[in-house]
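Below is one structure; the comments refer to it alone.
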Amino acid sequence: MTLAPAAADSLAIAASGLTYRVALPNPSNHLFEVTLQISDWQSEIVTVQMPAWTPGSYLLREYARHLQNFWAQTATGQPLPWRKLRKNAWQIETQEHSEIYISYQVLATELTVRTNHLDRSHGFFTPAALCLYIDAWRDRPCQVEIKAPEGWNVATALPAIAHNCFRAADFDTLVDSPFEIGPEGTQEFTVLGKKHYWRTWGGNLDSDRLLADTARLIETEAAIFGGLPYDHYWFILHLSSGGYGGLEHRDSTVLAFDRQAITEPEGYRRFLQLVAHEFFHLWNVKRIRPKALEQFDYEAENYTPSLWFSEGATSYYDLLLPLRAGLYGVDSFLEALGKDLSRYLTTPGRKVQPLAESSFDAWVKLYRRDAYSDNQQMSYYLKGQLVCWLLDLEIRNHQPDRSFDDVLRLLWQRHGQGPEIGFEEAELRQIFSEVAGVDLTDFFERYVDGLEELPIAAAVDSLGLQLLPQGCDRPSHGLRLADEQGRCQIKFVASDSPAEQAGLMIGDEIVALNGLRVSADNFSRRLATYQAGQVLELTIFHDDQLQSFSLTLAEPQPQSYNLRPAATVTSEQRDRFQRWLGLEPQL
């Protein structure tokens, strides 16, 4: 491959630095074509590498697997010798040339918030998944020049220094600045004197409502921390079939959502929670973060026990913030919290994996779910959210004029404002005790480090609420089934359930129940006439072998829970509930 020298009108970079020229000559082939210009290099060897993961998504994603057609040469087109050192690193002999050009292509077919996507309608890339870097030059400025198809424009939080040319203070800033490229327009609005932008691909939304609701969330979140810590902020939204997710960045966020669900009332409420969640991260994670994430190692796992707070507190507030902003009412809030309580209480893994361990093992468990995950692990998002809720109530019980908000403000003062200093887990816990005015060591040992059941019932009762079990009308068996190509397949076997004790396994096919053909659809209905203690004779195909199993039904178990106000409420419970949610006292 022969590289074309930089165009005569191309901007000159700093005396020593990196310029990335990203071209999209044929979006239909899904290939970004990248030229990396290294200027003023003063060594005989240069090693470039590609990150293996991106901050905010704790899994080694091996981005280098999408890179192809690597090539290196001088400014005059002379090829330079190179060799691959490891899966994501290339070493080039400079032959005493100070200006080096590297070219490569990156396949972009994954439409997620943490990867790259390119087709005839748009291009999106996460710099960690596209840009090579020199480890010794991570602190040097770099710039990105986009050569886009005619009629396409670029959306990114990086400052523009010319048309489709952007500058990053260093490689970490570049990694933290995703790019959306396409023909879509941008919606601009101002909140608290700062410019904000929405860029949407894949569908159309009610822009007036979207901007108004976003503004209210921004104002509500800024009120906690005393203002907005940026000059401008971008929301990049990808609408697709079944899409869901978000990834936080310092001055922007990328969101994915289902284009049909977002038009429905319940779906839109979930979307508002997603927006609130990712925007909240601009404080909690991007500026207030664990010590282990203060400096990133882009090639290896960055372990921390504190993701229970980084994600759990953010998940707790993504429920509270739309309520505080007046975007939904108390009923919707309680419904959403009830669903989260249901997920927690029906996940067997809560009895197996402590919360701190869930955070530490995120790299090998949370993003690598399989059919057995619900038995073996507990999400630090979900349990972390509930622990943060309980901590909020604990603080309020000891200090009625304080709340979780005060923890956030203290963290912001000590670890976010000015020089950003990552917190140690012990420092985080001390701040909770300081705000509560009591030593909370026992709480953390029991519910973060240990496996003791969360005191959910007591918390619910203290607020004048009740958690009502649902789906207890049939005996328990511990199976989750699905019909696939006319076969009744076992998709999940709960720990310590009758199904596990009988020896059933995920992947088995149930052929008959007590001699009668069965499907996932009619299995539960068949059990309507059975009682706990009765024995089912199940005919199973296990690895193509026809076998019979005896399953003894157990007492009914809740399938979900509803959270709602109790029938009778004391004045103390009512007052505590209203203070918790910031509601006006009812006369």
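Checked against the 6.0 Å centroid criterion, the rings of Trp53 and Trp363 qualify as a close aromatic pair. Between His281 and His249, the ring centre distance reaches or exceeds 6.0 Å. Between Phe309 and Tyr380, the ring centre distance reaches or exceeds 6.0 Å. Between Phe125 and Phe32, the distance separating the two ring centers is shorter than 6.0 angstrom. Aromatic ring centroids of Tyr316 and Trp580 lie 6.0 Å or more apart.
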Between Gln489 and Asp483, is the side chain to side chain donor-acceptor pair (under 3.5 Å) condition met? List the steps.
CA-CA 6 Å; Gln489 298 282 343; Asp483 290 322; over 6 Å; no
Test ring pair (Phe, Tyr, Trp, His ring centres under 6.0 Å) on Phe492 and Tyr372; report intermediate values, then the result.
CA-CA 7 Å; Phe492 178 69; Tyr372 294 91; 8.1 Å; no
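Of the charged side-chain nitrogens involved, none lies within less than 4.0 Å of a carboxylate oxygen, so that Glu335 and Arg564 do not count as a salt-bridged pair. Between Arg65 and Glu62 there is no salt bridge, since no side-chain nitrogen of the basic residue lies less than 4.0 Å from a carboxylate oxygen of the acidic one.
Side chains of Ser550 and Glu537: a donor-acceptor N/O pair is present below 3.5 angstrom, by distance only. At a cut-off of 3.5 Å, with distance as the only test, no side-chain donor of Glu357 or Trp308 sits close to an acceptor on the other residue.
The backbone N or O of Phe280 lies less than 3.5 Å from a partner atom in the side chain of Glu221, making a donor-acceptor pair. For Asn302 (side chain) and Ala300 (main-chain N/O), a donor-acceptor pair under 3.5 Å exists by modelled atom type.
The aromatic rings of Trp201 and His238 stand perpendicular to each other, their planes meeting at an angle above 60°, with 30° marking the opposite boundary. Taking the six-membered ring where tryptophan is involved, the planes of Trp283 and Phe279 are perpendicular, since the angle between them exceeds 60° and thus also 30°.
Side-chain contact between Ile540 and Met505 is absent, with no heavy atoms from C-beta onward closer than 4.5 Å. The side-chain heavy atoms of Leu563 and Leu341, taken from C-beta on, include a pair separated by under 4.5 Å.
What you find for Tyr63 and Ala128 is that their closest heavy atoms are CD1-O, 3.4 Å.
Atom-to-atom distance recorded for Arg270:CZ and Tyr244:OH is 5.5 Å, nearest 0.5 angstrom.
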